[in-house]
Amino acid sequence: MRDVLEELHRRWSAGETVGLGTVVATFSSAPRTPGAAMLVAPDGTVTGSVSGGCVEGAVYELAQQVVADRTPVLQRYGVSDDDAFSVGLTCGGIIDIYVEPVDRESLPELAELAESVHKGQPVAMATVVEHPDPERLGKRIVVWPQRAAGTLGSSRMDDAVADDARGMLATGRTGMLHYGPDGQRRGEGASVFVNSFEPPPRLLVFGAIDFAAAMARLGAYLGYQVTVCDARPVFATASRFPEAHDVVVDWPHRYLSAEAEAGRIDWRTVVTVLTHDPKFDVPLLEVALRLDVGYVGAMGSRRTHDDRITRLREAGVADAEIARLSSPIGLDLGARTPEETAVSIAAEIIALRWGGKGQRLAELDGRIHS
């Protein structure tokens with residue numbers, strides 16, 4: 001929904017009713033992840049995508065229907081789903097799409113939700129997408145770390161879902177929760193979709209070199225909030241790194257320590273050290289390897305790597321901490337240019353995040369997505 005939130009808010013503010021389709025569950029090799037959304041406006045324009053083109057036409061028709069009927073629909077699309085307008089997914093997956101009418105009446109909290117997302121504040125929206133009582137279908141609450149707004153029809157369900165949604169929000173997860181009709185945690189019959197709008201993960205690029213420019217460009221493309229940091233003001237300039245969200249002139253280790261103390265570093269943060277200079281990268285890695293971040297990688301040759309490890313041990317960094325370091329950085333793609341090297345680094349980050357092995361899919365058997 002993040003992809004369509006700006007347009008949704010604009011239509012909502014104008015008093016329009018739109019049809020909103022949201023991927024709430026996927027099975028097998030689905031083309032989009034839960035949370036992907038498509039908006040159909042009253043003038044027929046479309047924003048967003050739920051399947052990359054496979055079922056958009058069917059969702060478009062269904063969105064117009066639910067707006068006219070004011071009745072939400074949870075629809076499954078799959079390989080041989082005859083009930084889904086005879087539409088299947090060419091990739092062989094299965095997706096559940098919840099299609100609903102959205103306006104000021106059905107989602108009065110949208111303005112506040114959109115403001116939180118715009119400010120980078122964590123917020124989640126929980127919507128009842130299945131329930132034995134038709135009157136409960138489509139009810140929702142918006143959940144912040146310290147409060148909630150809206151209701152799912154009972155205080156018991158509100159409390160249960162708000163607690164679980166906060167847990168999902170803390171880890172950046174979006175997905176389906178299942179309860180009994182009144183929020184019983186071990187019951188069946190009610191399904192609630194939680195869409196988490198946590199701030200985007202950060203990519204910290206240390207070293208204002210040509211490889212950093214390519215890394216910033218690719219990181220922004222992958223959805224990271226990119227910061228380039230270097231202690232040399234002549235190199236760390238916004239004009240050299242136009243794709244970076246922030247360019248900081250500071251000693252790398254000092255900047256990273258300050259960001260961690262301010263609470264702006266989390267388990268999703270990616271740290272790439274491209275400095276090639278011991279006076280910069282060793283103090284920086286001392287800090288980075290002791291933080292709970294998602295990835296720490298450092299560029300350099302085998303000789304540079306061996307020297308760096310020796311210096312880190314002399315600085316008191318434990319072997320268990322050093323083991324977290326990806327050095328030399330990246331996967332073996334035969335990269336030569338800064339752009340190819342950035343792809344190599346990004347490939348390693350993605351592989352470690354999702355448990356991939358970096359092998360050619362054509363040489364493997366079994367499922368593509370695990």
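Small disclaimer: the values here were computed from a predicted structure and weren't measured. Positions are given from 1, in the same order as the sequence printed here.
Rounded to the nearest 0.5 angstrom, Ile209 CD1 and Asp277 CG are separated by 11.0 Å. Distance check, rounded to the nearest 0.5 Å: OG1 of Thr127 to CG of Leu137 gives 10.0 Å. Taken to the nearest 0.5 Å, the CG atom of Leu274 stands 11.5 Å off from the SG atom of Cys229. Annotation: the span from Trp251 atom CH2 to Asp230 atom CG amounts to 10.0 Å, rounded to 0.5 Å. In this structure, NE2 on His118 lies 13.5 Å from CG on Leu113, to the nearest 0.5 angstrom. Atom CG of Leu312 sits about 5.0 Å away from atom CD1 of Ile322, to the nearest 0.5 Å.
A donor-acceptor pair is defined here as one N or O able to donate and one able to accept, closer than 3.5 Å; no such pair exists between the side chain of Asp69 and the backbone of Thr71. Although no hydrogens or angles enter the test, the distance criterion places no donor-acceptor pair under 3.5 Å between the side chain of Ser326 and the main chain of Ile329. Checking side-chain atoms of Arg302 against main-chain N and O of Pro328 turns up no donor-acceptor pair under 3.5 Å. Listed for the Arg70 side chain is no donor-acceptor partner under 3.5 Å among the backbone atoms of Ala68. Formation of a donor-acceptor pair under 3.5 Å by the Arg240 side chain with backbone atoms of Ala208 is found in this model. Between the side chain of His253 and the main chain of Phe280, no donor-acceptor pair closer than 3.5 Å is present. In terms of modelled atom types and a separation under 3.5 Å, the side chain of Thr272 and the main chain of Leu204 share a donor-acceptor contact. No donor-acceptor distance shorter than 3.5 angstrom exists from the side chain of Thr237 to the backbone of Pro233, with no hydrogens or angles considered. Between the Ser191 side chain and the Val129 main chain, no donor and acceptor come within less than 3.5 Å of each other. Between the side chain of Glu56 and the main chain of Ser51, a donor-acceptor pair closer than 3.5 Å is present.
For Gln184, the CD atom is densely surrounded, since the number of other residues' heavy atoms within 6.0 Å is greater than 12. No more than 12 heavy-atom neighbours from other residues, nucleotides or ligands sit within 6.0 angstrom of CD on Glu188. Other residues, nucleotides and ligands contribute only 12 or fewer heavy atoms inside 6.0 Å of the CG atom of Asp332.
Ion pairing between a basic and an acidic side chain is recognised when a charged N comes within 4.0 Å of a carboxylate O; Asp281 and Arg311 show no such pairing. For the pair Glu16 and Arg10, the salt-bridge criterion is not met [side-chain N within less than 4.0 Å of a carboxylate O]. A salt bridge links Glu363 to Arg360: one of the charged nitrogens lies within less than 4.0 Å of a carboxylate oxygen.
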Do Glu6 and Arg11 pass the salt bridge (Lys or Arg N to Asp or Glu O under 4.0 Å) test, and can you show the C-alpha distance, the side-chain angles, and the key distance before you say yes or no?
CA-CA 9 Å; Glu6 182 177 349; Arg11 299 281 183 174; over 6 Å; no
Thr47 vs Glu7, test: side chain to side chain donor-acceptor pair (under 3.5 Å). Steps then yes/no.
CA-CA 8 Å; Thr47 304; Glu7 179 66 8; 4.6 Å; no
Worked verdict on Asp96 versus Phe27 for side chain to side chain contact (heavy atoms under 4.5 Å, CB included)
CA-CA 9 Å; Asp96 286 347; Phe27 309 90; 3.7 Å; yes
For side chain to side chain contact (heavy atoms under 4.5 Å, CB included), just list the numbers for Val287 and Arg290, CA-CA rounded to whole Å, side-chain angles, deciding distance to a tenth of an Å, and then say yes or no.
CA-CA 6 Å; Val287 177; Arg290 289 166 174 160; over 6 Å; no
Which is it for Ser344 and Thr341 under the side chain to side chain donor-acceptor pair (under 3.5 Å) test, yes or no, and what are the steps along the way?
CA-CA 5 Å; Ser344 167; Thr341 301; over 6 Å; no
Stepwise salt bridge (Lys or Arg N to Asp or Glu O under 4.0 Å) test for Arg76 and Glu130
CA-CA 13 Å; Arg76 174 165 293 183; Glu130 282 187 304; over 6 Å; no
Pair Val46-Leu39, side chain to side chain contact (heavy atoms under 4.5 Å, CB included): steps then yes or no:
CA-CA 6 Å; Val46 174; Leu39 181 152; over 6 Å; no
Please evaluate residues Tyr98 and Met176 with respect to the criterion side chain to side chain contact (heavy atoms under 4.5 Å, CB included), reporting the C-alpha separation (whole Å), side-chain torsions for both, the decisive distance (0.1 Å), and the verdict.
CA-CA 12 Å; Tyr98 180 70; Met176 197 84 84; over 6 Å; no
Working for salt bridge (Lys or Arg N to Asp or Glu O under 4.0 Å), residues Arg268 and Glu198
CA-CA 11 Å; Arg268 303 171 301 154; Glu198 78 287 355; 3.6 Å; yes
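Residues Ile95 and Leu74 do not share a hydrophobic cluster, clusters being chains of Ile/Leu/Val/Met/Phe/Trp/Tyr side chains in contact below 4.5 Å. In terms of hydrophobic clustering, with Ile, Leu, Val, Met, Phe, Trp and Tyr side chains grouped at heavy-atom distances under 4.5 Å, Trp144 and Phe193 are assigned to different clusters. One hydrophobic cluster, built from ILVMFWY side chains closer than 4.5 Å, holds both Ile265 and Val271. Cluster annotation: Leu256 is not connected to Leu203 through the hydrophobic network of ILVMFWY side chains, with a link wherever side-chain heavy atoms come within less than 4.5 Å. Hydrophobic cluster membership differs between Phe206 and Phe235, with clusters built from Ile, Leu, Val, Met, Phe, Trp and Tyr side chains linked at under 4.5 angstrom.
Between Val143 and the options Arg166, Met125, Met168, a side chain to side chain contact (heavy atoms under 4.5 Å, CB included) holds for only Arg166. In summary, of the residues considered (Arg202, Glu259, Arg264, His245), a side chain to side chain contact (heavy atoms under 4.5 Å, CB included) with Thr227 occurs for Arg202 alone. Each of Ile349, Thr269, Leu218 was evaluated against Tyr224; a single residue qualifies, Ile349, per the side chain to side chain contact (heavy atoms under 4.5 Å, CB included) test.
Closest heavy-atom contact between Arg136 and Gly153: NE-CA, 3.6 Å. The nearest pair of heavy atoms linking Phe241 to Ala213 is CE2-N, 3.4 Å. Ala288 approaches Arg324 most closely through the heavy-atom pair O-NH1, 3.9 Å. Nearest heavy atoms, His305 versus Ser327: ND1-OG, 2.8 Å. Of all non-hydrogen atoms in Asp182 and Ser154, the two that sit nearest each other are OD1-OG, 2.6 Å. Considering all non-hydrogen atoms of both residues, Gly189 and Pro132 come closest at O-CD, 3.2 Å.
Using a 4.5 Å heavy-atom threshold, the side chains of His131 and Lys139 count as separate. At least one side-chain heavy atom of Val282 sits under 4.5 Å from a side-chain heavy atom of Glu286. Contact annotation: the side chain of Gln75 never approaches that of Val99 to less than 4.5 Å [non-hydrogen atoms, C-beta and beyond]. Using a 4.5 Å heavy-atom threshold, the side chains of Val194 and Leu177 count as touching. Contact check for Gln64 versus Val40: side-chain heavy atoms found under the 4.5 Å cut-off.
Residue Val249 belongs to no hydrophobic cluster, having no ILVMFWY side-chain heavy atom closer than 4.5 Å to its own.
Between the side chains of Asp103 and Ser106, a donor-acceptor pair is found at a separation under 3.5 Å.
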